[in-house]
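These values consider heavy atoms only, across backbone and side chains, with no hydrogens, waters or symmetry-generated copies.
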Amino acid sequence: RRMPWLKRLSSDFHLPGPAQHAATQAMAFFSTSTTLMEACDPSSAFFGFMGVTSAIVFANLGAAYGTAKSGVGISSMGVMRPDMVMRSIIPVVMAGVLGIYGLITAVIIN
């Protein structure tokens, strides 16, 4: 089926026979491919948001676990070697960075 605007548009180029036909077919393909896009499956949005949720949840669970284990280490370090307590705070900071990284990843995925 021909579209009147497509014939008028393709006749403005004044190409020789086969090239004119190829240009008309290319424009017809482009017009149908852009107007007949299929809608996404509704479950794709569900799985996308579940991915965002799992990024936040697992990153924050890891950060909480890391903070807890580091807190136990800091407590035992305070008892055994009080002069090295400040050096043992680095894992707590790294665990907090893990939670922030999960948040950033979820925002980028969203």
Side-chain angles (χ1 to χ4, degrees):
R1 145 183 157 191
R2 287 282 168 131
M3 298 172 212
W5 60 270
L6 184 62
K7 187 172 185 179
R8 186 175 61 242
L9 183 64
S10 63
S11 65
D12 292 340
F13 288 119
H14 303 293
L15 297 172
Q20 176 71 29
H21 182 67
T24 305
Q25 283 183 338
M27 285 188 281
F29 175 73
F30 178 73
S31 67
T32 56
S33 66
T34 55
T35 57
L36 299 177
M37 292 182 68
E38 293 183 21
C40 294
D41 189 25
S43 65
S44 62
F46 170 75
F47 287 114
F49 283 115
M50 285 304 290
V52 171
T53 303
S54 65
I56 292 175
V57 167
F58 290 128
N60 286 324
L61 281 175
Y65 182 75
T67 303
K69 294 298 264 187
S70 299
V72 171
I74 290 172
S75 299
S76 65
M77 186 67 73
V79 171
M80 290 190 280
R81 304 252 333 244
D83 55 323
M84 295 191 62
V85 171
M86 290 307 289
R87 184 178 287 183
S88 63
I89 291 183
I90 295 172
V92 175
V93 174
M94 292 299 152
V97 168
L98 178 65
I100 293 170
Y101 176 72
L103 180 66
I104 292 171
T105 304
V107 168
I108 289 173
I109 291 173
N110 193 9

Going by side-chain contact (heavy atoms from CB on, under 4.5 Å), name the residues that satisfy it together with M94, two or more places apart in sequence or in a different chain.
I90

Considering only Ile, Leu, Val, Met, Phe, Trp and Tyr, and joining two whenever side-chain heavy atoms are under 4.5 Å apart, list the other residues clustered with I104.
I100, I108

Report the hydrophobic cluster partners of L61, with the cluster defined as I, L, V, M, F, W, Y residues connected by side-chain heavy atoms closer than 4.5 angstrom, directly or transitively.
V57, F58

Quiz: residues 41-56 side-chain donor-acceptor pairs under 3.5 angstrom, not counting sequence neighbours:
residue: D41; atom: OD2; partner: S43; partner atom: OG; Å: 2.7
residue: S44; atom: OG; partner: D41; partner atom: O; Å: 2.6
residue: T53; atom: OG1; partner: F49; partner atom: O; Å: 2.8
residue: S54; atom: OG; partner: M50; partner atom: O; Å: 3.2
residue: S54; atom: OG; partner: G51; partner atom: O; Å: 2.9

Hydrophobic cluster identity match, V79 and M84, side-chain contacts under 4.5 Å:
no

With a cut-off of 3.5 Å and sequence neighbours excluded, list every side-chain donor-acceptor pair involving residues 63-78.
residue: T67; atom: OG1; partner: A63; partner atom: O; Å: 2.7
residue: S70; atom: OG; partner: G66; partner atom: O; Å: 2.7
residue: S75; atom: OG; partner: G71; partner atom: O; Å: 2.9
residue: S76; atom: OG; partner: V72; partner atom: O; Å: 3.4
residue: S76; atom: OG; partner: G73; partner atom: O; Å: 3.0

Filter on salt bridge (Lys or Arg N to Asp or Glu O under 4.0 Å), then keep only pairs touching residues 100-110, sequence neighbours left out; what's left?
none

Nonpolar side-chain network containing M80, other nodes, edges under 4.5 Å:
none

